[in-house]
Every structure is written in C-alpha cells, then in structure tokens.
Amino acid sequence: MIALVDCNSFYASCELVFRPDLVGRPVVVLSNNDGCVIAANKEAKALADIPMFEPVFKIKKQLIANNVVFFSSNYTLYGEMSQRVVNILKTFSSKVEVYSIDESFIDLSTVPHEELEAFGHQIKNTIYRLTGLPVGVGIAKTKVLSKLANKMSKKIPNKNHVCVINSDDDRVKALKWSPVTGVWGIGKKHSERVIAIGVATAYDFTQLPMAWVRKEMTVVGERTWRELRGESVMEFITEPKKKKAIGTAKSFGKKLESLDIIEEACSYYVGEVAEVLRAQNSCASAIHIFLVTNFFSTKDKQYSNSITVKLAMPTNDTFILVTEAKKALHLIYKEGYKYKKVGVNLLGITPEEYVQGNLFKIPTESKKTLTKVVDELNVKFGKLKVSSALVGTRVKEWELIKEERSPRYTTQWKEILTLKDT
DNA sequence: TCTGGGGTCCTAGGACCC
DNA sequence: TCTGGGGTCCTAGGACCC
C-alpha cells in the first residue's frame, strides 16, 4: 500500500505557523510580483469569490472588504518547512518519494491492513505536533488511487483527513464518488473529451475500452486507467532524478525597454540556474533564451522571440554561460518594445564526468576550482553574494515586487521569531 | 497600473544514416 | 517494367502536474 501525504493550503499554512495571531482569519499567498493568488486557507476559500490564480488587482477590493491577510510568497520559508515534513515522513517509512514541495508518497507495504488507518492518523498527528502544519493522508494500492483517497480525506468531513481505500468495494465506491475532472493525470483537455462521450465519474472512465484510452490519451492515459482499476504501474521513485532541463523566467517588477538592464536580469538568472546545474554535478550543452512583452497589454506593441545556442563544449561555468547568454540575447532583442520577461533554459544536460573536450578545447581545471569556491562562499554567506561582474549591480531596476513578504524565520538569524512577555 | 513559475512525458515528423 | 527496409536523433508541440 502507498500513502500520499499532502499539506493543506501549504503556503498559507506555513505563514500561519509563525503568525498564530492570524488563525481564523482568511489568509492568501500571492505569486511573484504579487500578481495572482496562489494559495488560500480554508477561511479565504470560503469567500467563494476568491478564485485561485485570479489576478490580485481584479479582486483587491473584495479582499480588503473581507479583511483578508495577504502574504507575498516566501519560498525560502516554504522550502525549509517542506524539508521538515519530509524528514518526519522518513521516520515512518524507508521509502519516501518527494513528489512536490507539499506532497510525498510513502511506501506502507510493511504495515498490516487493519492498522493502516491508525497509522495514517499517527503520521498526520506527528507532523502537526512537530511542525504545526496540517496534512491529509490518503492510502491505497496505487499512486493514482492514493491521490484519490487523499482528496476524499479532505472533502468528506467524517474522514478527518485520513482515508484508506482498503478493499475492491472501497475502490469502486471511491471511483463512483469522484468526478472524472480532477482525477490525477486527467487534465482539462482530456476531461472535456471524455465528458463529451458520456463519462462523468472516475468509475465511468475505468469502463472505457483500454484501446480507446490508449489511442486518444497515449500511454499516459492508459497508466491512469490501469492504476484506477487497481493495477500498480507507476514506479516508486526514491532517488530524485537529475533534471533534464533547468530554467528560470520571472516577470520584471516593471516593464523594461533598455537592453543593458534586461541583460543584467538575464545574466542574474544564468547565475541562478548555473548554480543548480553545478549542484547536481552536470553540464549543459545548449542554452535557450527567450524574451517577451506583456501579452495582456492591449495598447503596447507585442513582440516575442527565442533562440537556442549550442555551446562549443558542455559546461557549468557561469562565466562562459553568461557570455553566451548575452550574445544570444543581443540577437533577439529589438529596440522599441516594453519587455515583461526574460527567460533562460539550460538544455542538453550531461553528467560532469562525461564531458568531452574537442579538437580545439579541453576542459580546464582552474576555472572549476574558481566556481567551486564561489559556490561555497555563496552557501556560507547568502545567495549570489559573490558573482561575476558580468551580472551587473543594478538589481533594483528589474527585481521582483514582494511587498508583503514574511520574515525568513527559519533561515536568517536576523529574522528569527522573537517571543515577548505579555 | 497591476495578470506566476518550474517542471515531466509523449508523439509526430523531418533529417539523416547504412 | 521495375524504384527498399530498418533504424537513430532531434525538435516542436501538446498534454499534464504542482
């Protein structure tokens, strides 16, 4: 059996751990640049007119009228809280698959069937006691069914956030309970397609002929279909795989026109992704740069372009990557537009130890030592404290807007929580 | 005025190889 | 008159996830 443990309203819950004074009030967390609502606690969700991913400016009045508390996103805090949860899960099972920042699958094959529900409650209570975060636990034979059980654990009140699909009878009931939209792996497009042919519930979906599912939804759909029918076909992945692409693309705090400032943002992003690349001991053999104007704007002229450049030799050296990225950016930049976003992707990622030189270049050791020292300094003194001068220094011009960011309670001594006598 | 960011997997089709 | 067969690799685009 497999459990899916998922934190409720994760980002909002993280904020509330450190702000118990706000418990009971509606709380939302905003995306980068405070653009959209990306998380809401149950009090905020109860105000039905706050849809997720709604641009904040459209609903700001309602939020204020309902006394909603806003937070800008604080990924440092969420990442660290996530790690705490994972550490606890590892005490319950030797096999844990971290699926996302707020969800993990854990293997429960050693737990007797009749004890599963109690075990689920124990996981839930322990996490709450040690971190302050509320979680839901879904337990079933396959990953897709445990996702479904997890959803039931939250939606069905008497489940009390733990739900076990233990028998085939349970499974059929669960499938009939679940609308086909919302099944893990069946997104908007596919659910429209199956609804059009009369499928309403997950159960109906499992009654479709396999050949149809395979043809219309590829092997991905077929896997979902099999897993819903109780056949476990999805691998349990305990070792995180190395990334095949590493990218970043963030909207600017304001629209930018001039090439040199965009260049600095671009170089800064290259610095970020190169660090991730080195952390997984890999090199990139190509770099992809894109540049876009604000496509929501109706009055500004629109332009977007992208370019992929192959590198002479795979590398993870920030200096080389920044130089190549700038050259590429110059090729796609056109004057006279108001740009909203620049993006960087590292592609063709290969393990560092397999990098081959070529007729004209051989890998050099000295630069490797330099970047290694730079990485170590940054781990010790903070993100990108030491970086190439190519990256520039005018960060303020393009940086993200985060007006309501909470303190980084768990990672910065200066921002640690203080307790007062009352 | 203001509209997120980071990923994975699969397939079809083209270019190329012997 | 007749014009092969079996592959690999790469890319773009689509679908999905959180």
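Each chain gets a letter, A, B and so on, in the order the sequences are listed, and its residues count up from 1.
- The two residues A:Arg214 and A:Glu222 make their nearest non-hydrogen contact at CD-OE1, 2.9 Å.
- Here B:dG6 presents its P atom at 12 Å from CG of A:Asn33, a figure rounded to the nearest Å.
- With B:dT3, B:dG6, B:dG4 as the candidates, the nucleotide lying closest to the side chain of A:Ala249 is B:dG6.
- Atom NZ of A:Lys188 and atom C1' of C:dC17 are 16 Å apart (whole Å).
- Using a 4.5 Å heavy-atom threshold, the side chains of A:Asp102 and A:Val135 count as separate.
- Mapping A:Lys299 and A:Asn345 onto DNA chain B by nearest heavy atom places A:Lys299 at the nucleotide closer to the 5' end.
- Backbone-only contact: A:Val183 has heavy atoms under 4.0 Å from sugar-phosphate atoms and none from a base.
- Counting heavy atoms from C-beta outward, A:Glu263 and A:His330 have side chains that approach closer than 4.5 Å.
- Stems are defined here as 3 or more consecutive Watson-Crick or G-U wobble pairs with pairing distances under 3.5 Å; those involving DNA chain C are B:5-18 with C:5-18.
- Near DNA chain B, meaning a heavy atom under 4.0 Å from it, residues 334-342 of chain A has A:Lys340, A:Lys341 in order of number.
- Counting non-hydrogen atoms under 4.0 angstrom, A:Lys255 reaches the backbone sugars and phosphates but no base.
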Exercise for review: Give the intermediate values and the outcome of side-chain hydrogen bond (donor to acceptor under 3.5 Å, both in side chains) for residues A:Tyr409 and A:Glu15.
Suggested key: CA-CA 10 Å; A:Tyr409 303 103; A:Glu15 299 292 350; 5.2 Å; no

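- Using a distance-only test at 3.5 Å, with no hydrogens or angles considered, a donor-acceptor pair links the side chain of A:Arg25 to the main chain of A:Asn67.
- For the pair A:Leu347 CG and B:dT8 C1', the interatomic distance rounds to 14 Å; values are reported in whole Å.
- For the 3.5 Å distance criterion, the side chains of A:Thr293 and A:Gln302 qualify, holding a donor opposite an acceptor.
- Between A:Tyr339 and A:Tyr337, the two ring planes are tilted [angle within 30° to 60°].
- A:Leu208 and A:Val213 get closest at one heavy-atom pair: CB-CG2, 4.0 Å.
- Dense packing is recorded around NZ of A:Lys242, with more than 12 heavy atoms of other residues, nucleotides or ligands lying under 6.0 Å away.
- When the nucleotides B:dT3, B:dT8, B:dG4 are ranked by their closest atom to the side chain of A:Lys243, B:dT8 comes out on top.
- For the pair A:Phe71 CZ and B:dG4 P, the computed distance is 22 Å after rounding to whole Å.
- The interatomic distance linking A:Tyr99 (OH) with C:dC18 (P) rounds to 5 Å, in whole Å.
- Under the side chain to side chain contact (heavy atoms under 4.5 Å, CB included) rule, A:Val342 has a single partner from A:Leu256, A:Leu329, A:Ile332, which is A:Leu329.
- Going from atom OH of A:Tyr11 over to atom C1' of B:dG4 covers 10 Å, rounded to whole Å.
- For C:dC16, the OP1/OP2 oxygens have no side-chain nitrogen or oxygen of A:Lys147 closer than 4.0 Å.
- A:Glu103 has its CD atom 9 Å from the C1' atom of C:dC17, to the nearest Å.
- Taking atom CD of residue A:Glu97 and atom C1' of nucleotide C:dC18, one finds them 13 Å apart after rounding to whole Å.
- Taking only side-chain nitrogens and oxygens, A:Thr248 comes nearer than 4.0 Å to OP1 or OP2 of B:dG6.
- A sub-4.0 Å separation between OP1 or OP2 of B:dT1 and a side-chain N or O of A:Lys60 is absent.
- No option in A:Val164, A:Asn150, A:Leu4, A:Val111 other than A:Val164 meets the side chain to side chain contact (heavy atoms under 4.5 Å, CB included) test with A:Ile139.
- Here A:Asn294 reaches the OP1 or OP2 of B:dT3: one of its side-chain N or O atoms lies under 4.0 Å away.
- Using a 4.0 Å heavy-atom cutoff across all strands shown, A:Ile186 reaches sugar-phosphate atoms only and no base atom.
- A:Phe236 places a side-chain heavy atom less than 4.5 Å from the side chain of A:Lys95.
- The side-chain heavy atoms of A:Phe290 and A:Ser304, taken from C-beta on, include no pair separated by under 4.5 Å.
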Interface polar pairs with nucleotides 10-15 of chain B, N/O, under 3.5 angstrom:
from   : atom 1 : to       : atom 2 : distance (Å)
B:dC10 : OP1    : A:Arg223 : NH2    : 2.8

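- When each of B:dG5, C:dC17, B:dT3 is scored by its nearest atom to the side-chain atoms of A:Lys250, the top-ranked nucleotide is B:dG5.
- Here A:Ser73 lies out of heavy-atom contact (under 4.0 Å) with every strand.
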